[in-house]
Engineer: 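Have a look at the structure that comes next, please.
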Amino acid sequence: MSIALQSRFVRELPELAVPWKAEAAPEPSLVALNEPLAVELGLDPAWLRSPEGLGLLVGTLVPGDATPAAQAYAGHQFGGYVPRLGDGRALLLGEIVDASGRVRDLHLKGSGRTPFARGGDGLAAVGPMVREYVISEAMHALHIPTTRALAVVATGRPVYRETALPGAVLARVADSHLRVGSFQYAAAVSQSTGNLDLLRRLADHAIARHHPGAAAADNPYLALLEAVSAVQADLIARWMLAGFVHGVMNTDNMTISGQTIDYGPCAFMESFDPATVFSSIDSWGRYAYGNQPSIALWNLARFAETLLPLLADNIDDPEKAIALAEATLDSFAGRYEQIWSAGMRAKLGVADAPADVVGPLVEELLTQMQQSQVDHTSFYRRLSRAARGDAEPVRGEFIDLAAFDDWTARWRALGPDPDAMDRINPIYIPRNHLVEEALTAVTAGDTAPLEKLLEAVRAPFDERAGLERYAEPGEKEFSASFQTFCGT
């Protein structure tokens, strides 16, 4: 079959793209193919399994009119600014128009060194690429905006980390790969040249692709800041409600579209604790679970800084531009709190109860959950049984029974709806021990544990016989010492 890949990003923003080619894959073989996503993109899964399809998925056989490119961007990494990051081991193959007319990026990770590799080998191992596949599929099923994995293809080439590992390329689909870091890079170029052209073209490109309503606003670039702030408030609230810990919330990992991107040292929290950190390189907890809303706001402040020249140029008043940007940033906390609060009321089955009534109940509950190390996911499913009259399974998880009984009585008085709770509280998430089990197996060539895990997390709200172990947290000893790694 033929595939049409557009090159809008490369054509419109050549200063942010270095045309490049993927390295050869000696023996490409399919590890995982996301057939529903392939169909959604208008691609034939059978063709993707063919030698030509595998060539596309590793970047060695692309349409003649396509222009694969490594994207340039900057970023604050753990708070420290790096002026030149970019796709060190990734390529944007181009944009594809899916079956519904939606424009989406087709992007590779692990396809070899690029000019942005900074001493790295540009490659990826099977395990970390499968992690991104699993977690992004789970996030999609949980209704959390996310990039998605189309396929993982083993390359037949070893990758050397602590040991030799089988190499792989991940084919990823996103609404785009525009990041806060993209704007930081463009802003730096504009500052050095004294010309706002690149920054303005990037902002106009982002508006047209993601937030077209901003184009009609009196101040389109302020409207862009407001739109990105709004989608990020929604995204981070959804992360928090699901217990997701991204692990590396650098500005180059915050998208303009509002999708989750770059599943490196990510994981789902089990025992509720705002201080939860999984990343092996986050020794001081900058990106801990409870810090994610404030870090998102910090990243948005960096985004606002890049837009200030456009805001000031548009209204010819630098001080007013700063005030407008600050007012937009000040609204983030309120919007986030509104979304998160509504989500918590829904998780407790009292979506229509007044926020000022439920708010204190939520605060008390989270304090008790942290004190008793209650599992964040299974708790809400067991709580729905309490709404049906059987409180013992959930009650037994708490240390202070009197306090929990008092809380339960006040919650029940609000008339919780257990069926509504079960529709939004998952029973299956990618439990960390099960993810590690699947990664270890697939690295050794066994895909059965991966397939079973995907079966569970792709329908996270529907309890099914035979999947009981996928609903249970790992052993306390495992969870207490569990760490994730970025895979580079």
Engineer: Within this structure, what is the CG-OG distance for the pair Leu199 and Ser182, rounded to the nearest 0.5 Å?
Structural biologist: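 That separation rounds to 11.5 Å.
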Engineer: Are there over 12 heavy-atom neighbours, none belonging to Gln371, within less than 6.0 Å of that residue's CD?
Structural biologist: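 Counting other residues, nucleotides and ligands, CD of Gln371 exceeds 12 neighbours.
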Engineer: Can you confirm whether Asp352 is buried at CG, in the sense that more than 12 heavy atoms of other residues, nucleotides or ligands lie under 6.0 Å from that atom?
Structural biologist: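 No, because the 6.0 Å sphere around CG of Asp352 holds 12 heavy atoms or fewer from other groups.
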Engineer: Hey, what's the ring geometry for His76 with Tyr81, parallel, tilted or perpendicular (30° and 60° as the breaks)?
Structural biologist: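 Geometry flag for Tyr81 against His76: tilted rings.
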Engineer: Just wondering, are more than 12 heavy atoms of other shown residues or ligands nearer than 6.0 Å to CD in Glu455?
Structural biologist: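 Buried by this count: over 12 neighbours within 6.0 Å.
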Engineer: On the ring face of Phe78, is Arg286 found with NZ or CZ under 6.0 Å from the centre and within 45° of the axis?
Structural biologist: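 Cation-pi check for Arg286 and Phe78: fails.
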Engineer: Taking ring pair (Phe, Tyr, Trp, His ring centres under 6.0 Å) as the definition, give me every residue that meets it alongside Trp407, ordered by chain and number, with sequence neighbours left out.
Structural biologist: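 With sequence neighbours excluded, Trp407 shows a ring pair (Phe, Tyr, Trp, His ring centres under 6.0 Å) to Phe404, Trp411, given in chain and number order.
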Engineer: Would you indicate whether Glu463, at its atom CD, is surrounded by more than 12 heavy atoms from other residues, nucleotides or ligands within a distance under 6.0 Å?
Structural biologist: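 No, the 6.0 Å shell around CD holds no more than 12 heavy atoms from other groups.
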Engineer: Quick check: does any side chain N or O of Asp375 sit under 3.5 Å from a backbone N or O of Pro473, one acting as donor and the other as acceptor?
Structural biologist: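 No; zero donor-acceptor contacts below 3.5 Å.
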Engineer: In sequence, state the C-alpha distance, the side-chain angles, and the governing distance for Gln77 and Asp252, and then conclude on side chain to side chain contact (heavy atoms under 4.5 Å, CB included).
Structural biologist: CA-CA 8 Å; Gln77 298 198 313; Asp252 55 293; 4.0 Å; yes
Engineer: When you look at Phe244 and Phe268, which way does the ring-ring contact (aromatic ring centres under 6.0 Å, His included) test go after all the steps?
Structural biologist: CA-CA 5 Å; Phe244 175 73; Phe268 281 80; 5.4 Å; yes
Engineer: Any idea how Phe461 and His143 line up, ring-wise: parallel (<30°), tilted (30 to 60°), or perpendicular (>60°)?
Structural biologist: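 It falls in the parallel class, under 30°.
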Engineer: Look only at the side chain of Tyr470 and the backbone of Leu434, and say whether a donor-acceptor pair between them is shorter than 3.5 Å.
Structural biologist: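 Answer holds: no.
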Engineer: Checking Phe9 against His107 for the ring-ring contact (aromatic ring centres under 6.0 Å, His included) test, could you report, in this order, the C-alpha distance in whole Å, the side-chain angles of both residues, the deciding distance, and whether it holds?
Structural biologist: CA-CA 12 Å; Phe9 179 87; His107 187 262; over 10 Å; no
